[in-house]
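Worksheet: the structure to be examined is printed underneath.
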Amino acid sequence: MTKPTLQQSHGPQYTRILSVGAARGDQIVPNDDLIGPINSSDEWIQQRTGIITRTRASQDVLAVDLATDAAREAIQRSGIAPELIDAVIIATISNTQQTPSMAAVVAERVGANPAAAYDMNAACAGYTYAIAQADALIRTGVAHFALVIGAEKLSDVVDPTDRSISFLLGDGAGAVVIGPSEFPGISSTVWGSDGSKADAVGMDHTLQEFRRGEAAWPTLRQEGQTVFRWAVWDMAKVAKRALDAAGITSDQLSAFIPHQANMRIIDEFAKQLKLPESVVIARDIATTGNTSAASIPLATHRLLEENPELSGGLALQIGFGAGLVFGAQVVVLP
């Protein structure tokens with residue numbers, strides 16, 4: 001009897017980002033609106049974080065709504081019919097429902113049914129994780145076009161009295177469409193985690209503890225100095241590894257788009273990487289705040305809006321966050 005041969009799928013050799021879309025919270029929240037509960041000042045927040053204002057969404061605007069708006073813009077700009085998108089991946093930590101996935105709802109809303117759709121939680125590194133997955137799915141022939149979204153409504157999970165993180169957080173969503181390419185458009189991803197420091201940033205309680213009346217509603221907390229040191233020293237090394245994996249040097253970059261965690265971290269990254277003045281650095285945090293998985297695509301969208309000449313250039317993007325997970329890759333800007 002002839003032994004059967006299993007068929008495996010194969011796809012295009014290369015992929016790239018075709019377009020980007022964005023949606024920010026509808027409310028602009030200045031530092032002065034937040035300083036009372038944390039006994040602070042506008043000057044203190046700006047010095048420590050670089051944030052002047054942040055965008056937050058009204059109570060009736062959910063993360064899935066922000067994701068939908070960003071996705072629609074990305075699809076429209078891509079020129080790809082939504083029914084051709086067969087994978088929808090949303091990176092988020094703020095889906096208000098355990099199930100169904102936010103991705104399944106967005107796929108229906110934008111006309112991508114019956115695309116494979118799922119949410120993933122890698123916190124502030126989520127977008128870079130999702131880019132890696134979309135790239136792999138397309139190049140192996142599992143998907144043809146993918147919609148990747150980072151979407152957060154962090155104002156739902158913040159304690160306004162928490163001095164460690166409350167003033168950092170904003171709401172928004174950024175989306176990209178990824179498809180086949182005739183040239184390399186997404187480099188190998190350098191990613192990983194350090195679970196030994198998982199307690200440094202994350203939720204302070206579980207939903208079970210809340211349900212049993214043993215704790216208040218779970219909110220995000222962080223050990224600021226631990227996270228700062230880890231981000232500055234360890235993540236600069238990851239960024240350098242990503243450049244090596246892509247086969248390029250920092251002076252060949254057009255842009256640097258790190259997770260918008262803190263302006264001081266971004267500035268230190270630039271020094272560690274010895275970025276030349278020709279590299280445009282994303283600083284969206286100043287007016288958007290830290291939007292976790294949404295921060296890199298939101299910053300990319302703003303960077304291209306303000307600097308359209310960057311289109312076609314190389315950008316190093318790196319995400320890092322809760323659970324001390326990280327991911328970095330070099331991409332060709334749409």
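One-based numbering along the sequence shown.
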Practice task
Mind running side chain to side chain donor-acceptor pair (under 3.5 Å) on Asn113 and Glu108 for me, showing each step along the way?
Solution key: CA-CA 5 Å; Asn113 265 348; Glu108 162 64 21; 2.3 Å; yes
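- No side-chain heavy atom of Thr55 sits less than 4.5 Å from a side-chain heavy atom of Val29.
- Among residues at least two apart or in separate chains, side-chain hydrogen bond (donor to acceptor under 3.5 Å, both in side chains) pairs with a member in residues 324-334 are Thr189-Gln329, Gln317-Gln329.
- A donor-acceptor contact shorter than 3.5 Å is absent between the side chain of Asp119 and the backbone of Ser101.
- With hydrogens and angles disregarded, a donor-acceptor distance shorter than 3.5 Å links the side chain of Thr128 to the backbone of Ala125.
- Under 4.0 Å is where a charged nitrogen must lie from a carboxylate oxygen, and between Asp156 and Arg56 no such pair does.
- When hydrophobic clusters are built by joining Ile, Leu, Val, Met, Phe, Trp and Tyr residues whose side-chain heavy atoms come closer than 4.5 Å, directly or via intermediates, Leu314 is not grouped with Leu333.
- Figure legend: Arg139 and Tyr14 shown without cation-pi pairing, the cationic atom not lying both under 6.0 angstrom from the six-membered ring centre and within 45 degrees of its axis.
- Between Arg264 and Glu268 there is no salt bridge, since no side-chain nitrogen of the basic residue lies less than 4.0 Å from a carboxylate oxygen of the acidic one.
- Without hydrogens or angle criteria, Asn307 side chain to Glu309 main chain gives no donor-acceptor distance under 3.5 Å.
- Closest heavy-atom contact between Ala294 and Gly150: CB-O, 3.3 Å.
- Applying the ring-ring contact (aromatic ring centres under 6.0 Å, His included) definition to pairs two or more places apart or across chains, none involves residues 46-78.
- Between Ile17 and Val332 the shortest side-chain heavy-atom distance does not fall below 4.5 Å.
- Taking the charged nitrogens against the carboxylate oxygens, Asp284 and Arg24 do have a contact shorter than 4.0 Å, which makes a salt bridge.
- At least one donor-acceptor pair under 3.5 Å links the side chain of Gln252 to the backbone N or O of Thr249.
- The two residues Ala67 and Val106 have their closest heavy-atom pair at CB-CG2, 4.0 Å.
- Across Thr288 and Arg302, no two heavy atoms sit closer than the pair OG1-NH1, 3.5 Å.
- Around CG of Leu310, the count of heavy atoms belonging to other residues, nucleotides or ligands within 6.0 Å exceeds 12.
- Taking the six-membered ring for Trp, Phe326 and Trp191 have ring centres at least 6.0 Å apart.
- Considering all non-hydrogen atoms of both residues, Ile89 and Ala130 come closest at CG2-CB, 3.9 Å.
- A donor-acceptor pair shorter than 3.5 Å cannot be found between the side chains of Arg48 and Asn262.
- Between the side chain of Asp204 and the backbone N or O of Thr219, at least one donor-acceptor pair lies under 3.5 Å.
- Nearest approach of Ala63 to Glu152, heavy atoms of both residues: CB-C, 4.2 Å.
- At distances below 3.5 Å, at least one donor-acceptor pair connects side-chain atoms of Asp65 with backbone N or O atoms of Leu62.
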Practice task
Start with the C-alpha gap between Asp162 and Ser164, add the side-chain angles, then the distance that decides, and say whether side chain to side chain donor-acceptor pair (under 3.5 Å) holds.
Solution key: CA-CA 6 Å; Asp162 175 28; Ser164 76; 3.0 Å; yes
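- Side-chain contact, Ser166 with Asp159: no donor N or O sits under 3.5 Å from an acceptor N or O.
- A donor-acceptor contact shorter than 3.5 Å links the side chain of Lys153 to the backbone of Val61.
- Using a 4.0 Å cut-off between a side-chain N of Lys or Arg and a carboxylate O of Asp or Glu, Glu305 and Arg77 qualify as a salt bridge.
- Sorted by first and then second residue, the pairs that involve residues 233-268 and meet ring-ring contact (aromatic ring centres under 6.0 Å, His included), not counting sequence neighbours, are Phe256-Phe269, His259-Phe320.
- The closest side-chain heavy-atom distance from Ile165 to Arg221 is not below 4.5 Å.
- Screening Ser292, Ser295, Pro297 for a side chain to side chain contact (heavy atoms under 4.5 Å, CB included) involving Tyr127 leaves a single residue, Pro297.
- Across every non-hydrogen atom of Ala236 and Gln272, the tightest pair is CB-CB, 3.7 Å.
- Between the side chain of Ser181 and the main chain of Phe183, a donor-acceptor pair closer than 3.5 Å is present.
- Within 6.0 Å of the CZ atom in Arg212, the count of heavy atoms belonging to other residues, nucleotides or ligands exceeds 12.
- A donor-acceptor contact shorter than 3.5 Å links the side chain of Ser19 to the backbone of Ala74.
- In terms of modelled atom types and a separation under 3.5 Å, the side chain of Thr206 and the main chain of Glu209 share a donor-acceptor contact.
- If you chain together hydrophobic residues whose side chains sit under 4.5 Å apart, Ile149 and Phe145 fall into the same group.
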